[in-house]
Amino acid sequence: MTVTTPDAATPGVPPWPHCGQGATSDEPVGCRGRQVEPYAECLAHLSDTDRSAYLAGLQPGADLDHRGTRFSEALLSELLGALVNSATNRPHLGNVRFDEVDFDGRAEFNEATFDGVADFKSAVFHSIASFHLAKFNGLTRFDRATFDVAWFIGAAFNGVEFDGATFSLAARFDGAKFGREVSFDTATFNSKARFNHATFSGNANFLRVRVRRDAEFCGVTFSRDVRLDSAKFGSDVDFAGAVLERASQVGPLVCSGTLDFTEVSFGSAVTIEVAARRLQCRRTRWASTAALRMRYATVDLSDAVMEYPVSVSTHPHLFLTVGNRELQEFDLGDPRVRVVSLRGVDAAHLTLTDVDLTHCFFAGTIHLDQLRLEGRCPLALAPPGMRRHGRWLVRWTRRWTLAEEHHWRASRSTAGGGWTPAPAGAEVLQPAALAPVYRQLRKAFEDGKNEPGAADFYYGEMEMRRHTDDIPWAERRLLDLYWAVSGYGLRASRALGWLLAAMTATVVAMMLWGLPKDDPKAESTGTVDGLLIVMTTDTPDPVNPDGRYSERLSTERFEKSLRVVINSVVFRSSGQELTTAGTYIEMLSRIGEPVLLGLAVLAVRGRVKR
């Protein structure tokens, strides 16, 4: 009998006694299948008589070594049939060595039990590899294995490695139970990867994993740490309903689609580093502190539960992986993070840093006045330039606004007026619901010593109050006046414009009717009674001007009128003799114009106060 042994001098010779069938001068190795002792051939090349004898000698729980063997579907079925436990009617295997095995047809290990170490390193599964409800009691290795279709549905692993494995068409691990540590480091999924409702009792490693299509981890339980460092997902990743009990860090990872953390529960302090197109955190629960450092993502935090401080920030640079290497990303556009909803969130523990809030829904946020905004967090701006509003052309003052105000104003105008309409299915809130939101945001900025930023929210609050229907008519008219005169004490240019107009009108009125025709001159008269002289001085009443109006508009009268008006603005008396009409004009000027000046000063102060 000729025994083929490894030959280090011959390239490609396997490190086990191999069959060598079909060897030629061009391919001196031939068949790489492990010889079945005491024969010189592998199981695939044994004669029917020898194969039958070998299989007849197997018992359930037997150890197998068929490294490098090429298995047809029928041959694998014969082998597993010889290992069926009569008590369970299921294949029962001991230590298994199937390194570099080539499975030609379906490889069905359904409900099989592997009692010892199971090695499938570098195995090739050309069709469906089915391990449905299989049980692996020892360490299992599928390192560098290649799968067309892999089904491990409901399988139970004591510890398993899929490092460098390739899944070409589909990979399903739904309901699988991973005990001890599991590793998918550098594995490649060219199609969908499904782990729905799987359980990871030990550490779960997905370092540098590549998934080209969707990945599903719905309802998965990670009892210990999960590592996704340098993982790349070419489409959506769904963790909806997953439980991460002790995960300390998720990422850095890259996702070209949506990363869905809906109803995910984080049980310990965690840092999440993600470069993704969208991040869904609806009803996500953080039971400890969390830091979400992201790039590109549009983030939805609706109804998220935060029991401890949680921060959401834009990471300014590429994430660093192990070894301080930069994690290369998909081209997803602007790297700034955009938060689009805080509805239902208790913002008392939330900090947002350098995020875009242009399209964020704030209505319904709890403790919004305790929200912390740091860095640059822009909100939606009122539309710039002149716009048609009904029959009028208006120019909206540049200010920060709520996205909800944009939706409401756009709903009132057929042309939109430059305001952004509500997205499909979104409720358009009325001013009565938006005024408290502006009020709470104003308080948040005031508490943060950002008075200029708070001014825009005060303006928005007053605008919503002015347009609401649940306040008295008189109060609404007063708010109309307050808005028209000074923009609620926040628009210095408006107050100064009215002040200039009032001063101009007062000057003209003084020139036309307020100044007398001539300045009255005092006249003194006296009587002599012995040595006593009694003197009386009288000033004649001012004489109303007469003549044509054009004659009254002289330079001299203008200078006198201007002095009267300037003194009125600073609430002083000019000392100028005035007609009766002029006295009343001055009284009105001394009341109204200092108020306008005060509103202008108040507006300037509001923009520079710290």
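Not one N or O on the side chain of Asp104 forms a donor-acceptor pair closer than 3.5 Å with the backbone of Phe71. Between the side chain of Lys232 and the backbone N or O of Gln328 there is at least one donor-acceptor pair closer than 3.5 Å. In this structure, His132 contributes its side chain and Ile153 its backbone to a donor-acceptor pair below 3.5 Å. Asp63 places a side-chain N or O within donor-acceptor distance of the main-chain N or O of Asn95, the cut-off being under 3.5 Å. Side-chain atoms of Gln249 never come within 3.5 Å of backbone atoms of Thr271 as a donor-acceptor pair (strictly under, hydrogens ignored). A distance-only check finds a donor-acceptor pair linking the side chain of Thr284 to the backbone of Phe261 [under 3.5 Å]. Side-chain atoms of Ser47 come within 3.5 Å of backbone N or O of Asp50 as a donor-acceptor pair. With hydrogens and angles disregarded, a donor-acceptor distance shorter than 3.5 Å links the side chain of His18 to the backbone of Val29. Side chain of Ser191 to backbone of Leu169: a donor-acceptor contact under 3.5 angstrom is found. Thr314 contributes a side-chain N or O that, together with a main-chain N or O of Val337, makes up a donor-acceptor pair within less than 3.5 Å.
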Salt bridge (charged side-chain N to carboxylate O under 4.0 Å, His left out) between Asp225 and Arg227, intermediate numbers included: CA-CA 7 Å; Asp225 206 3; Arg227 298 192 63 187; 5.6 Å; no

Step by step, work out the side-chain contact (heavy atoms from CB on, under 4.5 Å) result for His92 and Leu83. CA-CA 6 Å; His92 186 184; Leu83 299 170; 5.7 Å; no

Go through Phe142 and Phe98 one step at a time and tell me if the ring-ring contact (aromatic ring centres under 6.0 Å, His included) criterion holds. CA-CA 10 Å; Phe142 285 92; Phe98 279 179; over 10 Å; no

Under the salt bridge (charged side-chain N to carboxylate O under 4.0 Å, His left out) criterion, do Glu100 and Arg97 qualify, and how do the steps go? CA-CA 9 Å; Glu100 299 185 27; Arg97 302 201 66 178; over 6 Å; no

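A side-chain donor from one of Asp102 and His126 sits under 3.5 Å from a side-chain acceptor of the other.
Proximity of the aromatic rings of Phe173 and Phe162 is defined here by a centroid distance below 6.0 angstrom, and this criterion is met. Taking the centre of each ring, Tyr39 and Tyr54 stay at or above the 6.0 Å mark. The aromatic ring centres of Phe147 and Phe103 sit 6.0 Å or more apart. Checked against the 6.0 Å centroid criterion, the rings of His66 and Phe120 do not qualify as a close aromatic pair.
Contact annotation: the side chain of His45 approaches that of Cys31 to within less than 4.5 Å [non-hydrogen atoms, C-beta and beyond]. Counting only heavy atoms from C-beta outward, the side chains of Phe206 and Leu228 approach each other to under 4.5 Å. A heavy-atom distance below 4.5 Å is found between the side chains of Lys121 and Arg144. When side chains are defined from C-beta on, Asn158 does not count as touching Asn137, because their heavy atoms never get closer than 4.5 Å. The closest side-chain heavy-atom distance from Leu342 to Cys360 is below 4.5 Å. Two residues are said to be in side-chain contact when any heavy atoms from C-beta on lie closer than 4.5 Å; Val226 and Leu244 meet this criterion.
Taking the side-chain contact (heavy atoms from CB on, under 4.5 Å) definition, one finds that Leu133 meets it with Glu111, sequence neighbours left out.
Residue pairs meeting the side-chain hydrogen bond (donor to acceptor under 3.5 Å, both in side chains) criterion with at least one partner in residues 204-214, sequence neighbours excluded, are Glu181-Asn205, Asn190-Arg212, Asp214-Ser235.
Leu327 pairs in a side-chain contact (heavy atoms from CB on, under 4.5 Å) with only one of the listed residues (Thr321, Leu320, Leu318, Asp229), which is Thr321.
Summarising the local packing, CZ of Arg285 is surrounded by 12 or fewer heavy atoms from other residues, nucleotides or ligands at distances under 6.0 Å. Atom CZ of Arg246 is surrounded by 12 or fewer heavy atoms from other residues, nucleotides or ligands within 6.0 Å.
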Show me, pair by pair, the donor-acceptor contacts under 3.5 angstrom made by side chains of residues 292-299, not counting sequence neighbours?
{"from": "Arg293", "atom 1": "NH1", "to": "Glu273", "atom 2": "OE2", "distance (Å)": "3.3"}
{"from": "Arg295", "atom 1": "NE", "to": "Glu329", "atom 2": "OE1", "distance (Å)": "3.4"}
{"from": "Arg295", "atom 1": "NE", "to": "Glu329", "atom 2": "OE2", "distance (Å)": "2.8"}
{"from": "Arg295", "atom 1": "NH1", "to": "His315", "atom 2": "O", "distance (Å)": "2.9"}
{"from": "Arg295", "atom 1": "NH1", "to": "Pro316", "atom 2": "O", "distance (Å)": "3.3"}
{"from": "Arg295", "atom 1": "NH1", "to": "His317", "atom 2": "O", "distance (Å)": "3.4"}
{"from": "Tyr296", "atom 1": "OH", "to": "Glu329", "atom 2": "OE1", "distance (Å)": "2.7"}
{"from": "Thr298", "atom 1": "OG1", "to": "Arg338", "atom 2": "NE", "distance (Å)": "3.3"}

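The aromatic rings of Phe217 and Phe195 lie parallel to each other, with less than 30° between the two planes, well short of the 60° mark.
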